[in-house]
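Just so it is clear, the values below take in all heavy atoms, side chains as well, and ignore hydrogens, waters and symmetry mates. The sequence lines fix the lettering, A, B, ..., with proteins before strands; numbering per chain opens at 1.
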Amino acid sequence: MPLDLRYPDGKVVSHPDGTTGREVAQSIGPGLARAAVAVEIDGHLRDLDLPISESGDFSVITLDSDHGLDILRHSSAHVLAQAVLDLYPGSTFAIGPPIEDGFYYDFEVSEPFTPDDLDRIEQRMAEIISEDQPFVRVAMSRDEALEAFSDHKFKVEIIENVDPSEVSGGEEVTAYRNNGFVDLCRGPHLPSTGRIPTVKLLRTSGAYWRGDENREQLQRIYGTAWQSNKDLEAYLQRLEEAEKRDHRRLGPELDLYSFPAELGSGLAVWHPKGGQLRKIIEDHSRAVHERYGFDFVFSPHLAKSELWKTSGHLDFYAESMYPGMELDNDQEYRVKPMNCPFHVLIYKSQGRSYRDLPMRLGELGGVYRYEMSGVVHGLLRARGFTQDDSHTFCTEDQLEGELHLHLDFVLKWLKDFGFTDFEADLSTKPEEKYVGEDARWEVSEKYLQQALDAVGVPYRIAEGEGAFYGPKIDMHVRDAIGRRWQCSTIQLDFNLPERFGLEYTAAGNVGERPYMIHCAKAGSLERFIGVLVEHYAGAFPMWLSPVQVSIVPVADRHEEYADAVAGRLRDAGLRAEVDLSSETVGDKIRRALTHKHPAVIVVGDDDVANSTVGLRLYGEDTDTRGVPLIEATNQLVESSKPPSA
RNA sequence: GCCGGAGUAGCUCAGUGGUAGAGCAAUCGCCUCGUAAGUGAUAGGCCAGGGGUUCGACUCCCCUCUCCGGCUCCA
């Protein structure tokens, strides 16, 4: 029976049964056949030289596509493993998948790899690639595979874990062979090693087998592969760009904050300019919270351990908490890792009626979490940080509206900071560890989903990834160079109302349990500011910039006028600085630009005579001379307006 | 917490067992200048901290702290 293959353009073409993908590509065009690395039939990727035996939607995969790059990187990982097993007798290999922008492979070796090892391995890979070894697909039974890989314990474990019921037609597993090297693999692969245009090893690290910290720690090598050197260069440049934006570098450079070693890991101090930035953000946070009907509350940094016992934190969260301190009469106190129990106590401070609800309590609450020493990462993962936290107590009837309001708030907040690309995770009930009745989970998940649908944010369902106390929405943003960051979170909580016995009196004069919504809009202010620094590459929009205008007098005799200009700008509410150093104009401008000040004003003889300024805006190479001071002030005031609350 | 790498002036980095170096920044002069680095001088260091080896340690070894790349975890 002939094969009927439907090409991407919709044309259906018949081929004899058993035609290979390469032959089909050849029949379409020799250029395509040369570029082809695999084919796709009804959504299944297949090796180029495998005979095709079923009809369906057909397309040729080239290195232009994501699938093509995945295959390239997967094959590169094989070559990496081949090189390592060659060079390090006695080593064995675990898994080596393609990942975003590259691939890795995990090995067990007697000595961890060094940077020199990477060079050696890369050289060996280059040899394998230049030998153009064909990748040959080998099908074998499970028993044969167990035999073939008997020297490689991780492969054996993988084969043993293949569910026989999932493998149709007699427990077949596949492997790929090139030269003497065989790796267990579903495929497909490039036709041969010579089809790898460019590959580069990047770094090594430790990695637990199966991601389980109780199991063997393997040595991982990360690499990247592209269809051309140009693409590789572009990728390396992207990495460099990301490095330039690193908030750990830019923060101290712009004098925003620092991490003095004397304080300890994960603890930052905010310098005056960073403090200014933070204050602007906090003020905006308060204004928007009030606009959305939140009341501000305050709570202390410590509380008796008894409180954390009641809240469940000592049962579920103790390993992230700092140890207790014994105070009067052996009373133990704990530093807070979260603000929720305090807000619960505020709710509980008096009897509540349905008329009091919804009750929305907000706080910029400083919390401390004992993070494992290896995970601390600048402001993005600190041990002390401030949450723009809130807890909303409401009835079931109000739940839908409240979730919508919170989601609206979160999106408004993120948009205010220039984020436009959002993706949410909707995390649902965990399989085992959870509290609360199923009915509450169902209704909450439903409302969370409805809220997401209503505002039209793309989301994926993270099955079973909810907190033990309730389902949640985590909002991610994409920054200016496409990286994804988690900021906001909206979480339902069935646990605390239960544990603290929260009630309100319903219309029928009966006690009901309120629902509780935790919400952080920025998440942690520290992390959020870290993300902003990277997003804006330190060049903040004017409303956020700690210094908005740098004023540069051309010569000493213009300093008085420069001061007068600064005074006028400050009167208009702008943050302006005069550069009084005895440097050249060029040098002073350079300083303002390297500090990423949004506007530079230069004043000289003409300006003194005519009440004008020279104006230059960040990001523009040109300047405008002779702008009347009033006009410049108005223009700057206009462009430094903060978003409305 | 685990695996690997690193810590020298405020910053970026040289310095392979024999008294510590550069550029930028800083300070003080000179220059008075119209859009990305004018010029001279000065000052600045318990070479992360502690222990050890050695006649002698920034250099070699051990421990601790901090940072970096990952794993695990997470706002």
Side-chain angles (χ1 to χ4, degrees), chain A residues 104 106 109 111-115 117-118 202-222 243 246 248-249 252-253 255 258-267 317 319-320 337-338 367 369-383 385-389 467 472 474-475 485-489 491 518 520-528 530-531 550 552-559 581-595 600-607 613-617 620-626:
Chain A
Y104 67 80
D106 286 346
V109 284
E111 292 287 318
F113 297 115
T114 66
D117 288 326
L118 284 194
L202 297 174
R203 55 177 107 69
T204 62
S205 79
Y208 298 109
W209 169 233
R210 297 255 143 116
D212 183 344
E213 60 184 325
N214 298 313
R215 302 216 44 189
E216 295 90 331
Q217 183 151 36
L218 307 174
Q219 291 298 313
R220 176 171 298 179
I221 297 179
Y222 284 94
E243 209 177 305
D246 193 320
R248 292 166 303 181
R249 170 205 290 249
E253 247 171 57
D255 199 18
S258 58
F259 304 90
E262 292 87 335
L263 293 185
S265 183
L267 302 169
Y317 206 73
E319 63 185 28
S320 296
M338 295 187 192
V367 296
R369 297 185 185 172
Y370 177 74
E371 298 289 351
M372 287 194 295
S373 63
V375 308
V376 168
H377 184 93
L379 291 178
L380 300 183
R381 193 78 181 272
R383 283 180 169 170
F385 58 97
T386 312
Q387 291 182 305
D388 58 339
D389 208 0
K472 61 175 180 175
D474 289 324
M475 191 63 69
W485 306 94
Q486 191 196 327
C487 296
S488 329
T489 182
Q491 313 186 344
H518 304 242
K521 298 87 210 167
S524 127
L525 290 183
E526 282 78 0
R527 168 182 283 182
F528 191 66
V531 171
S550 260
V552 173
V554 171
D556 291 357
R557 64 179 178 278
H558 308 120
E559 282 177 11
S581 63
S582 72
E583 288 299 337
T584 57
V585 173
D587 187 75
K588 286 188 269 198
I589 289 181
R590 178 171 179 274
R591 284 194 219 199
L593 292 176
T594 50
H595 287 101
V600 183
I601 277 179
V602 179
V603 291
D605 288 334
D606 296 346
D607 298 300
V613 299
L615 184 60
R616 171 179 181 137
L617 299 176
E620 294 178 11
D621 292 338
T622 55
D623 58 283
T624 316
R625 306 258 175 110

* To do: Would you please name every residue forming a salt bridge (Lys or Arg N to Asp or Glu O under 4.0 Å) with A:R625, sequence neighbours left out?
  => A:D623
* **Stems involving RNA chain B, each a run of at least 3 consecutive Watson-Crick or G-U pairs under 3.5 Å** => B:1-7 with B:65-71, B:10-13 with B:21-24, B:26-30 with B:38-42, B:48-52 with B:60-64
* For A:R381, what residues pass the salt bridge (Lys or Arg N to Asp or Glu O under 4.0 Å) criterion, not counting sequence neighbours? -> A:E371
* **Note: A:D246-A:R248 ion pair, threshold 4.0 Å (strictly below)** => yes
* side chain to side chain contact (heavy atoms under 4.5 Å, CB included) with A:R557: which residues, sequence neighbours excluded? -> A:A555, A:D605
* Quick one: list whatever passes side chain to side chain contact (heavy atoms under 4.5 Å, CB included) with A:Y370, sequence neighbours left out. => A:Y322, A:R383
* Structure fact -> Quick tally for nucleotides 68-75 of chain B: nucleotides whose base has a protein heavy atom under 4.0 Å get B, sugar-phosphate-only ones S, the rest -, giving SBBBBBBB
Review item, nucleotides 35-43 of chain B N/O atoms under 3.5 Å of protein N/O:
from, atom 1, to, atom 2, distance (Å)
B:U35, OP2, A:R625, NH2, 2.8
B:U35, O2', A:R616, NH1, 2.7
B:U35, O2, A:R616, NH1, 3.3
B:A37, O4', A:D587, OD1, 3.4
B:A37, N7, A:R590, NE, 3.4
B:A37, N6, A:R590, NH2, 2.7
B:A37, N1, A:R590, NH2, 2.9
B:A37, N3, A:R590, NH1, 3.4
B:G38, OP2, A:T584, OG1, 2.7
B:G38, N7, A:E583, OE1, 3.3

* Asked: Sequence neighbours excluded, which residues qualify as ring pair (Phe, Tyr, Trp, His ring centres under 6.0 Å) partners of A:Y104?
  -> A:Y222
* Asked: What pairs with A:R220 under salt bridge (Lys or Arg N to Asp or Glu O under 4.0 Å), at least two apart in sequence or on another chain?
  -> A:D106
* Only counting residues at least two apart or in another chain, list the ones meeting ring pair (Phe, Tyr, Trp, His ring centres under 6.0 Å) with A:W209. => A:F154
* Say you pick atom C1' in B:C46 and the same atom in B:A41; how far apart are they, in whole Å? -> 28 Å
* **All salt bridge (Lys or Arg N to Asp or Glu O under 4.0 Å) counterparts of A:K521, not counting sequence neighbours** => none
* To do: List for me each residue that meets side chain to side chain contact (heavy atoms under 4.5 Å, CB included) alongside A:F113, sequence neighbours excluded, and say none if there are none.
  => A:V84, A:Y88, A:F107, A:V109, A:D117, A:I121, A:T204, A:Q219, A:I221
